[in-house]
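Whatever order the structure lists them in is the order used to number ligands and atoms, beginning at 1. None of the values given here were measured: they were computed from a predicted structure.
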Amino acid sequence: MARLDVTETFKGICFPGHLHTQESLRYATEFKFQDTDTLIVTYPKSGTTWMQEIVTLISCKGDPAKSQMQPNWTRAPWIEQYYCSDVLKAAQGPRLLSTHLPYKLLAPALQRSKAKVIYVARNPKDVIVSYYHFHKMANFLKDPGTFTEFLSTFQEGTVYYGSWFDHVKEWTSNARNIDNFLYITYEEMWEDLRSSLEKVSRFLQCPLMEDELSSAQKSCSFSTMKENSMVNYTLVPQEIMDHSKGKFMRKGQIGDWVNTFSTEQSRNFDISYASKMADSVLTFVWETKKSCIDSESLPVYNS
Ligand SMILES: Nc1ncnc2c1ncn2[C@@H]1O[C@H](COP(=O)(O)OS(=O)(=O)O)[C@@H](OP(=O)(O)O)[C@H]1O
């Protein structure tokens with residue numbers, strides 16, 4: 001199967017050619033979800049790997065040995081990536097799946113099942129900074145140029161996987177069309193990991209005992225995951241991800257965008273955010289545990 005070339009798109013969106021083919025993207029849009037599936041949905045750099053680890057640890061009752069048996073990309077494969085169908089042939093029991101695809105590409109397939117969906121969102125300014133650094137260390141992504149250039153491409157929505165604005169708006173505003181939908185933010189997980197683990201375990205109907213919860217919390221902390229080769233991508237060859245240029249588990253912070261954005265870039269982004277999100281029924285408040293409030297006020301970012 002031919003990998004996508006640099007200029008090739010699928011339904012108007014570009015994807016990293018190293019991981020995608022036209023067939024793999026079609027496979028995802030026609031995916032046969034099972035009612036027992038759990039699907040983690042994220043825009044890139046929003047906490048995908050973290051949630052993959054959290055769900056794995058919840059399903060193995062906090063046992064770190066079990067969660068360290070396989071790398072995250074086979075434990076919770078991205079359904080749009082070319083190797084997914086092979087990985088799933090060997091899958092046993094309820095499946096944990098991941099996707100960065102926008103809602104409109106997955107809706108028909110998803111609505112035919114009662115699969116559980118966990119949507120993780122993150123402050124877009126932190127997403128942009130994380131995404132920018134990822135482009136610099138992942139050799140299979142095109143050169144992002146300067147931060148100013150990348151910021152402008154991100155705002156135009158011509159980055160890999162398309163517009164962040166459309167992704168968040170479409171998934172959250174269509175949540176009611178999905179039977180089992182959990183919305184959670186990176187910031188919420190960061191501020192209170194234990195409560196977030198409890199929230200996800202309740203959603204998965206897989207309650208944890210106190211000691212299991214403590215063990216899971218330790219294993220999915222940033223410091224533990226940074227050293228865990230099953231999630232930190234150090235198993236990936238250097239020609240694909242060059243860890244001498246930057247780490248996949250980079251900073252794991254909230255509000256760190258202030259160290260990269262200039263005051264003017266931040267102000268311009270706020271204006272662009274306000275106009276692009278104006279038609280959303282939701283306002284995303286990143287600094288509180290509330291996932292959404294009324295649509296009147298501007299977003300509040302962590303600073
Ligand atoms: N446990 C934990 N705690 C806090 N932060 C964490 C954790 N695990 C992953 N991360 C951070 O998540 C960022 C990577 O996001 P994704 O996993 O969504 O990336 S990807 O889309 O799968 O490439 C990336 O963020 P940045 O550090 O800001 O670059 C990771 O460091």
When the ring centroid of [X] is compared with that of [Y], is the distance short of 6.0 Å?
X    : Y    : result
W73  : Y233 : yes
H135 : F147 : no
Y131 : F150 : yes

Tell me the protein heavy atom at minimum distance from [atom], and give that distance in Å.
atom                    : value
atom 9 (C) of ligand 1  : M249 SD, 3.5 Å
atom 30 (C) of ligand 1 : F248 O, 3.8 Å
atom 18 (O) of ligand 1 : T48 OG1, 2.4 Å
atom 4 (C) of ligand 1  : Y186 OH, 3.3 Å
atom 17 (O) of ligand 1 : T49 OG1, 2.5 Å

Relative to atom 28 (O) of ligand 1, which among M225, K251, R122 owns the nearest non-hydrogen atom?
R122

Considering only heavy atoms, which of Q253, H100, K45, Q52 lies nearest to atom 15 (O) of ligand 1?
K45

For ligand 1, which atoms, with element, lie under 4.0 Å from some heavy atom of [X]?
X    : result
G47  : 15 (O), 16 (P), 18 (O)
P44  : 21 (O)
G252 : 4 (C), 5 (N), 26 (P), 27 (O), 31 (O)
W78  : 22 (O)
S221 : 1 (N)
C220 : 1 (N)

Answer yes when D37 and K32 have at least one side-chain N-carboxylate O distance shorter than 4.0 Å, and no when they do not.
no

Aromatic plane relationship, [Y] with [X] - under 30° parallel, 30 to 60° tilted, over 60° perpendicular:
X    : Y    : answer
F134 : F248 : perpendicular
H20  : Y161 : perpendicular
W171 : H167 : tilted

Spacing of S266 atom OG and Y273 atom OH [to the nearest 0.5 Å]
13.0 Å

N/O donor-acceptor pairs under 3.5 Å from side chains in residues 201-210, not counting sequence neighbours:
unit_1 : atom_1 : unit_2 : atom_2 : d
S201   : OG     : L197   : O      : 3.2
S201   : OG     : E198   : O      : 3.0
E210   : OE1    : R194   : NH2    : 2.7

Tell me which part of Y161 gets within contact of ligand 1: side chain, backbone, both or neither, using heavy atoms under 4.0 Å.
neither

Backbone, side chain, both or neither: what part of S46 comes under 4.0 angstrom of ligand 1, heavy atoms only?
backbone

Result block: side-chain N/O donor-acceptor pairs under 3.5 angstrom for residues 84-91, not counting sequence neighbours:
unit_1 : atom_1 : unit_2 : atom_2 : d
D86    : OD1    : K89    : NZ     : 3.1

N/O to N/O below 3.5 Å, does that happen between W190 and ligand 1?
no

